[in-house]
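First up is the structure itself, then whatever we jot down about it.
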Amino acid sequence: MTKYIKIYRVDILEYERGWGSRIEDTKYFKTLNIANRFITKYNSKNNLKTVPDWYMIATKPTEEFITEKQYKKLFNK
């Protein structure tokens, strides 16, 4: 029987006026706490009073389940 492990995915979105948005990168975290700390730090630079023509944000974490083999490949680099 395959064992599944819960991880958290955070997408980094790029927004550009006139072009829309796209996923620029994806980060994976072992815990929700670590994912949330990353998001807070990453998004802290988005503090302008107006929306710039170009910016990037980290999205809310998404729970995912992966196999032990996938987990080892992802986190034991």
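Computed from heavy atoms alone, side chains included, the values below leave out hydrogens, waters and symmetry copies.
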What distance do [X] atom [atom1] and [Y] atom [atom2] have between them, rounded to the nearest 0.5 Å?
X	Y	atom1	atom2	value
Lys60	Asn36	NZ	CG	10.0 Å
Asn46	Ile57	CG	CD1	7.5 Å
Glu68	Tyr4	CD	OH	11.0 Å
Ile12	Arg22	CD1	CZ	12.5 Å

| query | Would you call Lys6-Glu63 a salt bridge at under 4.0 Å N-O? | reply | yes
Indicate, with yes or no, if [Y] and [X] share a hydrophobic cluster defined by side-chain heavy-atom contacts under 4.5 Å among Ile, Leu, Val, Met, Phe, Trp and Tyr.
X	Y	answer
Leu74	Phe29	no
Tyr42	Trp54	yes
Ile23	Val10	no
Leu13	Ile39	no
Val51	Leu48	no

| request: Taking the side chain as every heavy atom from C-beta outward, state whether Phe75 and Tyr28 have any pair of such atoms under 4.5 Å apart. | output: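 In contact.
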| request: Answer yes or no: is there a side-chain heavy-atom contact under 4.5 Å between Met56 and Glu24? | output: yes
| task | Tell me, with the steps shown, if Tyr8 and Glu64 meet side chain to side chain contact (heavy atoms under 4.5 Å, CB included). | result | CA-CA 6 Å; Tyr8 296 88; Glu64 291 191 358; over 6 Å; no
| query | Stepwise, does the side chain to side chain contact (heavy atoms under 4.5 Å, CB included) test hold for Tyr71 with Lys30? | reply | CA-CA 9 Å; Tyr71 185 89; Lys30 293 179 181 181; 3.2 Å; yes
| Does atom CZ of Phe65 have more than 12 heavy-atom neighbours from other groups under 6.0 Å away? |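 For Phe65, atom CZ is crowded (more than 12 foreign heavy atoms under 6.0 Å).
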| task | Only one of Thr59, Thr26, Thr62 passes side chain to side chain donor-acceptor pair (under 3.5 Å) with Asp11; say which it is. | result |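 Only one option passes, and that is Thr26.
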